[in-house]
Visitor: 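A single structure is presented below for examination.
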Amino acid sequence: MRRLRALSVISRAQKSGTSRRASAAALFSVAALVVSVAPATAAQGAAPPGPAEVVPGQHTATPGMVRGIREQAPATESAPEAARAYLAGKQGRYGIASPERDLDPVGTVTGGGGQETVRFQQKHQGVPVLGGQYLVRMEKKDGRRVVTGTSGQYFTGLRTGTTPGISDELAVERAVDAVLTDLHARTFTPRQAAAEDEPQLTGTARGLVVLPAGNGVLARHITVRGKDPASAEPVSREVYVDAQAGFPVLQYSGIQTFGAPATAAGKSPAPHLASATASGVPGSGVRLDGKPVELQVDRDEARNAYVLRDRSRIQGDNVLATWDARGKWASDLVGTWPEDILEVSSATPAFGAEATDSGAVDAHWAAGQVHDYFKNNYGRDSLDGRGMTVNSLVGVTDYGQPYVNAFWDGQKMVYGTGDAEYRPLSAGLDVVGHEMTHGVIENSAGLVYAGQSGAMNEAIADYFGNAIENDAYGTPTDSPDSGLLGERLCRTKAPRACALRDLNDGRATAKSFLGVGFGTDNGGVHLNSTIFSGALWNIRQDLGASVADHVVYKALTEYLTPIDGFTQGRAAVLAAAKDLKVPASGLKAVQRAFNAHGITPGWELALGVDSDQLLDRVNTTNSRVGAGGGWWTASKSNESGSEAYSVWAGRADGKGQLKLMSPNDGRYHVNPGTDGKTVVWQAYGANGVDILARPLAGGPVRTLWHTSRSVGASTAVDGDTVAFPYYNYGGRPGIAYLSLKDPANVVQLGGGTYHRTYFPSVSHGKVVYQDMQRVRGTPVTYQYTTRVVDVAAGTDTVVQQAPAGASLGPTAVNGTHVYWLTDETDGDGTTALRRAGFDGSGAVDLSPEGGPDSLNAYDLTASEDAVTVGARTYDPEYRNESLAKLWQFSAGAAPSDDGARKGRVSCNRGDQLSAAAAAGGQVVWIDATTGISQVVTRTRPTGRCA
């Protein structure tokens, strides 16, 4: 049974995290353009009059925030027209040359006293800018408007052209390949018995977008959906492909779950509601906690039944409806609407035990409570503010097994069945409030569900979910259990033992922030959320529920913009508190709450590391590092992440000058490898991908191989031999190796429907890889083997055949042994690190699968003396210790060496990714501790970490 719990259990599909990916893309990284902690330059031009408060924007001429002004807005009919005309008239201050051309109104929030807040979407030469939103606040009285403040993210430095160099078709192909590369790294070789029947990933083009890094990056936005070829887990990724070179520069999953990270997202089409002859009738039901509740239901004459359809709360034809999705799999409901489900029904208005047990009564009652909270307190008309239908689906399973989770996919709420201990997830009013608040967030600030903005998205969903439940049950804010989420879901456990999160957990940035890549919890959206939500909860305890709730709601709807980070979140809440006339003592409490959780300007600088830096701010994604022969090599962008990547190399001891290996030709140069004599890498361009090589001693760049499709996530060289993975038509993986002296004589293995190969490594004239081939017979089966090619001898030897049901992972090789990862017990969350001679003799597990010291390994590299794996320890808690860490073992060169574990390479917090072995025990890797991707090293393992 697979249980997906918040911050608790890592599913099989999350094995690798960001193993094949650098730290979070520059756009969302802690020190990137948007949330830079470097001193900012104040906006140029006229300063606001009087004692106005001005917060400079980061790397932009437009102020991040202006408060305390009262300036006349031009007289126009509509609020957006007045706001745009005002900005045009103050061009010197705001730096927005053409508001009419570059700002599209996306919504206006109105409030008491004639308050109006207009939200604009920035466009660059007609193309939307990701995260570019600016807000103007006004007061309207007697037909005249006065501007009281502005804030947001408007990027004045954008210079990129907007004519794409690649087609939608190529962008879709590259996006699908990028997702396949990540999935293959996560789940090793596929397990299914019929590879030719594997679910296909498909991509949908969403249009052009400008990523606001540096001068801007023009990208094609692609949504990739389908199922993982290995595990059938749902997949829905938002991928942004550079529109000139065709390289995927940003990828993340968008599904917004209550519990553990998931891998799917999307929009559902609105379902067809059966017509009704009645406008709604009072009904009743019993919640899972045994309490009877009143329900608003509807008579459906076509079905001759009453259904959970509430017509009383939303005007017009839209409703709150609860649907029977029992028997449906969660993976089939992300981004789609199942045609064959119906609203939960009953012969009478009193819904019975069946509706209770499925969680339908709870879901329907709770949806009404959450709707009323936002309507009564803030005048919000449903989740989108415009009266949208609210759909809840109950009874959903995880491939027929209990599903302990819930999610919002942009159109509907989906609630899992629960299990023997956990009730259906709709039984938690805070869970329902959390998921529905995701809908409010999406239709207001639109906080992108990745990195710090995603953590704030989760934090605000937790805040309101908890606030709604505490108010409904009368839980005082000073109760020790007031911050618990999910505490009412358990059938037998006490609330604190059952709770999935605690907003009073005391986490703060300096001691708790976890820098992770987007493959791990979408950049830490759950892992880091309680840092921010804890501050919000402290504010609720200090200011009181009603005041704090209004402050947070105003900050969400009138200040926050899509890619804001923690520091901007602090500023938004403080500004909203000032707008609501919170007294000085309350403002100090707000500041104190954020200070207590370490959310202060420059907080990132307090995160220390125990490694030595080799290359700062690489700002790349989907690129590994390489090492060998006393050298390392890695890809790097510029500080803002706006330039196509270049390959650099340096000495492993940190001495000497760095060497630029690749040409600056607009292509993305990624995944380099080196043996200390030659650097090889991949170059992505509009016309395909090249394998390139250049001697470290200098000389011309040589093209070794070209493909019009994509290659995998590594390039390796040793002496005369270069090896790399690639994708054939349809995304079928293969490997290739060639000679530096005679690159035209390339050998390709796999890449077919019935023969696929993975994870090549090369050393001492040998290429090791994993092989999957169909074995003829009845029934058809597939054979999985670890193999070694002796290039000089021309032999291809089976080192070991995997047992039925096993999957095979990355390989490594040195002068004496072959090493590989294998998972022979599906679902136990552990893998084995295996070593054998080139002929398969002496096979031994250096790290066994199963047992108290077992690891969940996903990455592998070896020197002559040491073997290093990227791994997670099997841990029931999803926390720092469960994230991607590096572990080292003896390589076993001596017959008496049993590969005794040496321990952790580094005690850095957060993800440690893309390890490459140098000489001895030295390891080079990409470290994400501070949220800034850096190439770092240690010459020996640290051993144990406290």
Visitor: Let me confirm one number: the CD1-OH distance from Ile441 to Tyr449, rounded to the nearest 0.5 Å.
Guide: 9.5 Å
Visitor: Apply side chain to side chain donor-acceptor pair (under 3.5 Å) to residues Tyr415 and Glu435 and explain how you reach the verdict.
Guide: CA-CA 10 Å; Tyr415 299 105; Glu435 297 308 333; over 6 Å; no
Visitor: For Pro733, enumerate each residue passing the side chain to side chain contact (heavy atoms under 4.5 Å, CB included) test, keeping only those at least two apart in sequence or located in another chain.
Guide: His184, Tyr727, Arg756, Tyr758
Visitor: So, are Asp911 and Lys885 salt-bridged, with charged N and O less than 4.0 Å apart?
Guide: no
Visitor: Just verifying a value: how many Å separate Phe351 CZ and Ser345 OG, rounded to the nearest 0.5 Å?
Guide: 7.0 Å
Visitor: Are the charged groups of Arg309 and Glu343 less than 4.0 angstrom apart, N to O?
Guide: yes
Visitor: Examine the side chains of His364 and Asp310 and answer whether a donor and an acceptor come within less than 3.5 Å of each other.
Guide: no
Visitor: Only counting residues at least two apart or in another chain, list the ones meeting ring pair (Phe, Tyr, Trp, His ring centres under 6.0 Å) with Phe532.
Guide: Phe566, Phe594
Visitor: Under the side-chain hydrogen bond (donor to acceptor under 3.5 Å, both in side chains) rule, collect the residues that match up with Arg834, sequence neighbours excluded.
Guide: Gln800, Glu824, Asp845
Visitor: Going by atom types alone, do Gln256 and His434 pair a side-chain donor with an acceptor below 3.5 Å?
Guide: no
Visitor: Please find the pair of heavy atoms, one from Tyr422 and one from Leu500, that lie closest to each other, and give the distance.
Guide: OH-CD2, 3.7 Å
Visitor: For the pair Trp820 and Leu808, evaluate side chain to side chain contact (heavy atoms under 4.5 Å, CB included) and give the outcome as yes or no after the intermediate values.
Guide: CA-CA 8 Å; Trp820 70 98; Leu808 300 172; 4.2 Å; yes
Visitor: Could you work out, with salt bridge (charged side-chain N to carboxylate O under 4.0 Å, His left out) as the rule, every residue matching Asp771, not counting sequence neighbours?
Guide: none
Visitor: Check Ala806 against Thr822 and note the closest heavy-atom contact, atom names and distance.
Guide: CB-OG1, 4.4 Å
Visitor: Between Leu183 and Leu201, does a side chain to side chain contact (heavy atoms under 4.5 Å, CB included) hold up when you go through it step by step?
Guide: CA-CA 11 Å; Leu183 294 176; Leu201 297 178; 3.9 Å; yes
Visitor: If I take atom CG from residue Asn622 and atom CG from residue Asp177, how far apart are they, to the nearest 0.5 angstrom?
Guide: 11.5 Å
Visitor: Could you list the residues that satisfy side-chain hydrogen bond (donor to acceptor under 3.5 Å, both in side chains) with Ser426, not counting sequence neighbours?
Guide: none
Visitor: Would you say the side-chain atoms of Gln770 and Thr786 include a donor-acceptor pair closer than 3.5 Å?
Guide: yes
Visitor: Would you sort out whether Thr397 and Lys328 count as a side chain to side chain contact (heavy atoms under 4.5 Å, CB included), showing the intermediate values?
Guide: CA-CA 6 Å; Thr397 69; Lys328 299 298 181 183; over 6 Å; no
Visitor: A quick test of your reading: do over 12 heavy atoms of other residues, nucleotides or ligands sit less than 6.0 Å from CD of Gln783?
Guide: yes
Visitor: Would you please name every residue forming a salt bridge (charged side-chain N to carboxylate O under 4.0 Å, His left out) with Arg206, sequence neighbours left out?
Guide: none
Visitor: Provide the closest heavy-atom pair for Ser512 versus Asn528 in the form atom of the first, atom of the second, distance.
Guide: O-OD1, 4.0 Å
Visitor: Can you name the closest pair of heavy atoms from Gly203 and Ile222 and give their distance?
Guide: CA-CG2, 4.1 Å
Visitor: Tell me, please, which residues at least two apart from Arg507 pass side-chain hydrogen bond (donor to acceptor under 3.5 Å, both in side chains).
Guide: Thr530
Visitor: For Leu489 and Cys498, which heavy atoms make the closest approach, and how far apart are they?
Guide: C-SG, 4.0 Å
Visitor: Any chance the side chains of Arg225 and Thr202 put a donor and an acceptor closer than 3.5 Å?
Guide: no
Visitor: Holding to salt bridge (charged side-chain N to carboxylate O under 4.0 Å, His left out), I want the full list of residues that pass it with Glu487, two or more places apart in sequence or in another chain.
Guide: none
Visitor: List the atom of Ala325, the atom of Leu393, and the distance in Å for their closest heavy-atom pair.
Guide: CB-CB, 4.1 Å
Visitor: Please identify each residue that fulfils salt bridge (charged side-chain N to carboxylate O under 4.0 Å, His left out) with Asp481, with sequence neighbours left out.
Guide: Arg496
Visitor: Are Arg488 and Glu469 close enough for a salt bridge, meaning some N to O gap below 4.0 Å?
Guide: yes
Visitor: Test side chain to side chain contact (heavy atoms under 4.5 Å, CB included) on Val869 and Leu821 and set out the steps.
Guide: CA-CA 9 Å; Val869 296; Leu821 300 175; 4.2 Å; yes
Visitor: Which residues pass the side chain to side chain contact (heavy atoms under 4.5 Å, CB included) test with Arg287, sequence neighbours left out?
Guide: Asp289, Lys291, Val293, Val361, Asp362, Trp365, Tyr473
Visitor: Can you name the residues that form a ring pair (Phe, Tyr, Trp, His ring centres under 6.0 Å) with Phe464, not counting sequence neighbours?
Guide: Phe374
Visitor: List in chain and number order the residues that pass side-chain hydrogen bond (donor to acceptor under 3.5 Å, both in side chains) with Tyr463, two or more places apart in sequence or in another chain; answer none if no residue qualifies.
Guide: Asp549
Visitor: What I want to check is whether the side chains of Ser358 and Arg326 have a donor and an acceptor closer together than 3.5 Å.
Guide: no
